[in-house]
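Just follow the structure's listing: the first ligand is 1, and inside any ligand the first atom is 1. Everything numeric in this text was worked out from a predicted model, so none of it was measured.
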Amino acid sequence: MTDLRDKYIQAIAAAADENVLEDLRVQAVGKKGEISLQMRELGRMTPEERQTAGPALNALKDEINSALAARKEALADAALDERLRAEWLDVTLPVRAQRTGSIHPISQVTEEVTAIFADMGFAVAEGPQVDTDWYNFDALNIPGHHPARAEMDTFYMHRAAEDDRPPHVLRTHTSPVQIRHMEQHGAPCRIIAPGRVYRADYDQTHTPMFNQVEGLAIDKDISMANLKWVLEEFFAAFFEVDGIKTRFRASHFPFTEPSAEVDIQCSWVDGQLKIGEGDGWLEVLGSGMVHPHVLRSAGVDPELWQGFAFGMGIDRIAMLKYGIPDLRAFFDSDLRWLRHYGFAALDVPTLHGGLSR
Ligand code: DAH
């Protein structure tokens, strides 16, 4: 019995892993293990022999069981120590530069535009990208037969033949947010509405999805002069120049009367575009005094209230400011392009901290 003891206690102490330990357990104290077999022999012994052999076998069984448990625990401790050693990590190391994400120029420019208009008291409003044709067209004084509907290359949502809900479109401009905002909040108001818009068009300067920012200011005595001041303030701040001239050209939009397209001052020197100097002009937005029909559609009394609105392409002003030649690149998700034109995530544009460090 001493042999048995020495054999197992030594083997258990030397067991290298849990599988070996389990094999030893089966061999020693399993149902058909050596100790169990010896216990079966007890029946054949004389009562005297049994009296010493019985307790001795039980004690050996207990001893082997606790040796197994102790070794098992030691192995688990060692495994944990090994894991802790292997998985050690220096959290003070700098992050790997190639894993840094960046802010897309469209997000950056949207933040810049928002910061500048917020400083002039404009809140941000939003509307759905799938809207009814009433909000996208009718309420904006573009009735069903109006050529502007065809010009805009509208995406219509598919509908079942028996579906009699109003037709839905992917909004072709951010102007429907004017209606939704005035419907909910009435006048006076001062908002911008940046967001995605959609038209079936694709070439170097057109993509089926692009970004606009709408502006709307309604009060008792707002005029085109306020519009001009607000836009010149905006462009000087946005292009980070001291001052900038704008040129208003008479135009036509169904939702404004009078309407103007606005150009900003620029120069081309050695193929380099400079904004805010020289005697060239670049068209950047459409604008005007909100049409009385539009105010009425939104539940605002045109006898009491008036104001200006404008709509500007965010992608376009982003291309001008950051020298991006092809609009389609904005939506290609090319990592090299994103690294080149992207912005650091923690540099939030503010007027006091700088818009585009
Ligand atoms: N919605 C027009 C477009 O997408 C842009 C526009 C022009 C918006 C004049 C306005 C505006 O608010 O007054 O082409």
Let me have the donor-acceptor pairs involving side chains of residues 51-62, under 3.5 Å, with sequence neighbours excluded, atom names and distances please.
residue	atom	partner	partner atom	Å
T52	OG1	E49	O	3.0

Need the list: ligand 1 N/O atoms against protein N/O atoms, distance under 3.5 Å, rounded to one decimal.
residue	atom	partner	partner atom	Å
ligand 1	1 (N)	H173	ND1	2.9
ligand 1	1 (N)	S175	OG	3.0
ligand 1	4 (O)	R199	NH2	2.8
ligand 1	4 (O)	Q212	NE2	2.9
ligand 1	12 (O)	Q178	NE2	3.1
ligand 1	12 (O)	E214	OE2	2.6
ligand 1	12 (O)	F310	N	3.4
ligand 1	12 (O)	F310	O	3.4
ligand 1	13 (O)	A309	O	3.2

Check step by step if ring pair (Phe, Tyr, Trp, His ring centres under 6.0 Å) holds for F117 and F310. CA-CA 13 Å; F117 279 106; F310 61 85; 5.6 Å; yes
Does Y322 form a ring pair (Phe, Tyr, Trp, His ring centres under 6.0 Å) with F343? I'd like the steps, not just the answer. CA-CA 11 Å; Y322 294 111; F343 292 83; 4.9 Å; yes
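Considering only residues two or more places apart in sequence or on other chains, H185 meets the ring pair (Phe, Tyr, Trp, His ring centres under 6.0 Å) condition with H181. Residues satisfying the ring pair (Phe, Tyr, Trp, His ring centres under 6.0 Å) criterion with W337, sequence neighbours excluded, are H104, F330, Y341.
For the residue pair T172 / N136, a side-chain donor-acceptor distance below 3.5 Å is found, with atom types taken as modelled.
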